[in-house]
Amino acid sequence: LCWPTATVASAFVSGACDPPERPRASEPAAEGVITDLEMSEKGSVVVKTIDGRPASEVWLSWLPEEDAAKLRPWVDDPDCQDPLASAEGRNLQYPMGIERAEGRIMVCVVDIKGGEIEFLQGVEVSVGERLFPQYVDKATICGKTHEAAQAVVAKQASTSDIRGAFTFSCGINSILGEADGMQDVSDKMACALGSAPLFGMIGGPELGHAYGYKASFACVMYSCLVFQ
């Protein structure tokens with residue numbers, strides 16, 4: 001509307017990656033097959049077992065012991081716990097991946113009830129699919145938004161013709177990045193875009209019409225759109 005002859009370019013990147021190392025040398029290879037699940041009344045996937053074991057136990061075995069210990073109360077005594085959101089974002093820091101023909105799909109644990117884990121709504125998951133751990137940290141979060149901006153600029157001749165930019169990113173930016181991480185994100189975006197006017201949103205904007213017109217949770221997603 002502002003620039004009817006503008007060229008628009010965009011890019012998306014994921015902030016999740018493989019864990020830096022296996023958290024416990026005694027554990028077997030960190031992957032597992034979903035062997036039982038059900039749909040909750042609100043339409044989310046509840047995984048009951050992975051490789052025939054309680055799903056929460058398998059997932060926690062993939063986490064560093066310190067972080068797993070902070071989530072264990074929801075396994076041992078779920079009825080007496082506050083919502084999982086009070087776990088300092090530990091559950092959000094360790095999403096899981098599913099490899100499919102169209103790419104790597106991310107699922108995020110939003111609740112633990114004893115041996116069961118509940119995924120955030122949006123991704124269809126089936127018995128027989130293989131899960132593997134993914135990892136998000138503050139440094140990755142701060143760098144990935146910058147990476148999205150750089151990917152856009154790479155499609156252009158230079159930053160001199162950029163007149164404005166818009167970015168929308170997963171809320172994990174602010175949950176795990178905190179105030180200093182958000183400042184770092186802003187500084188790096190300004191650098192990548194040549195200090196163009198920038199408007200950003202953080203929250204759940206990746207929950208939209210995607211993945212076959214069904215809401216698909218991108219988990220830790222960063223994007224940048226520029227007007228040239």
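Atom set for the values below is all heavy atoms of this structure, side chains included, hydrogens, waters and symmetry mates excluded.
- When atom types are taken as modelled, the side chain of Thr49 and the backbone of Arg53 share no donor-acceptor pair closer than 3.5 angstrom.
- In terms of heavy atoms, Gly114 sits closest to Pro78 at N-CG, 3.5 Å.
- Closest of all the heavy-atom pairs between Ile34 and Val47 is CG2-CG1, 4.0 Å.
- At least one side-chain heavy atom of Gln134 sits less than 4.5 Å from a side-chain heavy atom of Phe132.
- Note on Val127: it does not cluster hydrophobically with Val46, by side-chain heavy-atom contacts below 4.5 Å among ILVMFWY residues.
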- What do the steps show when you test Arg100 against Glu129 for side-chain contact (heavy atoms from CB on, under 4.5 Å), and what is the final call? CA-CA 9 Å; Arg100 294 177 178 169; Glu129 290 198 287; 2.9 Å; yes

- Given Val110 and Phe119, is the side-chain contact (heavy atoms from CB on, under 4.5 Å) satisfied, shown in steps? CA-CA 6 Å; Val110 294; Phe119 292 153; 6.0 Å; no

- Item | From CA spacing to verdict: side-chain contact (heavy atoms from CB on, under 4.5 Å), Ile98, Met96 | CA-CA 7 Å; Ile98 302 173; Met96 284 175 275; over 6 Å; no

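- Ser56 contributes no side-chain N or O that, together with a main-chain N or O of Ile112, makes up a donor-acceptor pair within less than 3.5 Å.
- If you take CG on Leu71 and CD1 on Ile117, they are separated by 11.0 Å, rounding to the nearest 0.5 Å.
- With contacts defined as side-chain heavy-atom distances shorter than 4.5 Å, the pair Val109/Trp59 qualifies.
- None of Glu116, Glu118, Glu57 except one satisfies the salt bridge (charged side-chain N to carboxylate O under 4.0 Å, His left out) rule with Lys48; the exception is Glu116.
- The CG atom of Asp111 sits 11.0 Å away from atom CD of Gln81, with the distance rounded to the nearest 0.5 Å.
- Without hydrogens or angle criteria, Asp51 side chain to Val33 main chain gives a donor-acceptor distance under 3.5 Å.
- The minimum heavy-atom distance between Thr35 and Gly52, with the atom names listed, is OG1-N, 3.0 Å.
- With values rounded to the nearest 0.5 angstrom, Trp74 atom CH2 is found 12.5 Å from Arg72 atom CZ.
- Nearest heavy-atom pair across Val107 and Leu131 is CG2-CD2, 4.2 Å.
- For the atom pair Trp62 CH2 and Asp67 CG, the distance stands at 16.0 Å (nearest 0.5 Å).
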